[in-house]
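Comments concern the structure below.
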There are 2 protein chains.
Amino acid sequence: MIMPYAKPQQDRIQRLRAFCLEHKRMPAYSEMLNLFGYRSKNAVYRFMQKLEAAGYVRRAAPRKFAPTGRLTGSIRLLGTVQAGFPSPAEEELVDVLSLDEFLVQRPEATYMLTVSGDSMIDAGIHPGDIVLVERGGLTRNGDIVVAQVDGEWTIKYFSKRGRIVRLEPANKAYQPIVPRHSLVIGGIVKAVIRKYR
Amino acid sequence: MIMPYAKPQQDRIQRLRAFCLEHKRMPAYSEMLNLFGYRSKNAVYRFMQKLEAAGYVRRAAPRKFAPTGRLTGSIRLLGTVQAGFPSPAEEELVDVLSLDEFLVQRPEATYMLTVSGDSMIDAGIHPGDIVLVERGGLTRNGDIVVAQVDGEWTIKYFSKRGRIVRLEPANKAYQPIVPRHSLVIGGIVKAVIRKYR
DNA sequence: CTTGCGAGTGAACGAACGTTCACTATAGTG
DNA sequence: CACTATAGTGAACGTTCGTTCACTCGCAAG
């Protein structure tokens, strides 16, 4: 074997990842003794230094570690379906990221809404889908927005030509809306999520 | 005012939430002094006891706290669009959850794939969408699966009648596939995510 | 006025923590 | 062989942590 110690290290990283995901915190060195199978805290100390160099953890403060997205990001991102699908045996680290960090830029301004109605179905937004809405961003033509027009909330494409704002559905059965009295942009749709089962 | 102390407490919870989201760890009591505006660690101690009683944090070990989903779940879930959209002024806590916890049941068995091809477009799965795939679950009729059939990977509806497995597209331009030689189920599609911008 | 309660201050304490030092064992290299 | 690097052990050290105790202040109820 070329790298006889790569396996145990990957295993320890996996254990640390599991611990962080389950307990939502870093284990103390004394807990890592059991977790990693060491009997000396110095071994833990040096292992954590390697993890820091490898980007799995970072120093949050003196004497304190915090996990990075590399460690606690829960989902592995692979290529496209046609590009191939690694076998469970390979199981190599491609990239790991957290859905929260992947989808949400400003958590304090982001909301989830369940969609009802089929006015955006041609854009692949079905009834029952969940949209991630971010308040307060800059609205541009072509954005999908949650808007209150003349007192009623809808999801539509945003389109502004000159001073005329049009809210366009993605369904030929509906007509574009031109606000008569009031228009409030509740937020921009940043993502659509459909959950099965 | 009936509850003169509700506001500062909500503000402190917000600060704690922000700290946990930013640093991915609990602050120490000494850090909470600045964070909460206290000058005594005892005040911090008693405040944390209230947070524990209120379900924002839990004891991970003696002398250690861990945040609950109530605290660090980043996204607020609201009702349907038509059901109304709370104004930014209200800003009341409806429910808070983490996208990771919401979408992923078994993180170690879940992968993300980017979709190419339009064979599932009538199911609202477009090219460029991201699918969350969970390995190893029990496949049932009607599930959307990632499958390797005769050497090639695709996404299709899973359908089994007797011993005959059919992989059905959601696009009339394509034909159902009946595996000739081999069929490998790579996983079940648990969610579809489309990200804008 | 007194009593009681909630909220905060400030000091003190023991335990646990992360870090460091000295040392051992094994394997690879020239 | 000697030399070096890697991985780990075990003990010790000073710091910081969470917790506890005693006390103060303001306010509302009896």
Side-chain angles (χ1 to χ4, degrees), chain A residues 1-20 22-68 70-72, chain B residues 1-20 22-68 70-72:
Chain A
M1 281 286 260
I2 302 176
M3 300 173 62
Y5 291 103
K7 275 292 179 186
Q9 286 202 5
Q10 283 299 318
D11 188 46
R12 291 191 177 113
I13 293 174
Q14 198 63 37
R15 287 163 190 245
L16 183 59
R17 170 178 293 136
F19 187 100
C20 290
E22 181 185 350
H23 296 91
K24 294 258 180 70
R25 66 180 177 91
M26 270 280 165
Y29 280 21
S30 54
E31 292 170 301
M32 294 186 199
L33 288 181
N34 304 321
L35 198 64
F36 294 153
Y38 289 133
R39 267 186 292 180
S40 167
K41 284 207 285 183
N42 186 22
V44 176
Y45 174 69
R46 294 223 278 270
F47 182 65
M48 290 303 284
Q49 282 189 320
K50 291 201 173 184
L51 287 195
E52 185 189 1
Y56 287 102
V57 299
R58 63 186 167 79
R59 293 213 101 87
R63 307 161 56 93
K64 276 192 187 305
F65 284 104
T68 64
R70 182 100 170 266
L71 182 69
T72 52
Chain B
M1 281 288 258
I2 301 176
M3 299 173 63
Y5 290 103
K7 275 292 177 186
Q9 288 202 5
Q10 282 299 318
D11 187 46
R12 290 192 177 112
I13 293 174
Q14 198 63 39
R15 287 163 191 246
L16 183 59
R17 170 178 293 137
F19 188 100
C20 290
E22 181 184 350
H23 296 92
K24 294 260 180 69
R25 65 181 176 91
M26 269 281 166
Y29 279 22
S30 54
E31 293 171 300
M32 294 187 200
L33 288 181
N34 305 321
L35 198 63
F36 294 154
Y38 288 133
R39 266 187 292 180
S40 167
K41 285 206 286 184
N42 187 21
V44 176
Y45 175 68
R46 294 223 279 270
F47 182 65
M48 290 302 285
Q49 282 189 320
K50 292 200 171 184
L51 287 195
E52 185 189 3
Y56 287 102
V57 299
R58 62 187 168 79
R59 292 213 100 87
R63 305 163 55 91
K64 277 191 187 304
F65 284 104
T68 63
R70 182 101 170 266
L71 182 69
T72 52

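Order of the sequence lines sets the chain letters (A, B, ...), proteins ahead of strands, with each chain counted from 1.
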Exercise for the section: Given side-chain contact (heavy atoms from CB on, under 4.5 Å), test A/Met48 with A/Tyr29 step by step and report yes or no. Expected result: CA-CA 9 Å; A/Met48 290 303 284; A/Tyr29 280 21; 4.2 Å; yes

Practice task
Report the C-alpha separation of A/Glu31 and A/Arg25 in whole Å, then their side-chain angles, then the decisive distance to 0.1 Å, and conclude whether the salt bridge (charged side-chain N to carboxylate O under 4.0 Å, His left out) test is met.
Solution key: CA-CA 12 Å; A/Glu31 292 170 301; A/Arg25 66 180 177 91; 3.0 Å; yes

Problem - Working for side-chain contact (heavy atoms from CB on, under 4.5 Å), residues A/Asn42 and A/Tyr45 - result: CA-CA 5 Å; A/Asn42 186 22; A/Tyr45 174 69; 3.8 Å; yes

Practice task
Could you go through the side-chain contact (heavy atoms from CB on, under 4.5 Å) check for B/Leu51 and B/Leu16 one step at a time?
Solution key: CA-CA 10 Å; B/Leu51 287 195; B/Leu16 183 59; 3.5 Å; yes

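Atom pair A/Gln49:CD and D/dG8:P shows a separation of 14 Å (rounding to whole Å applied).
Applying the salt bridge (charged side-chain N to carboxylate O under 4.0 Å, His left out) definition to pairs two or more places apart or across chains, those involving residues 38-58 of chain B are B/Glu52-B/Arg59.
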Handout entry: Per-nucleotide protein contact string for nucleotides 9-19 of chain D, where B marks a base within reach and S marks sugar-phosphate only (heavy atoms under 4.0 Å, - for neither)
Key = BB---BB-BBB

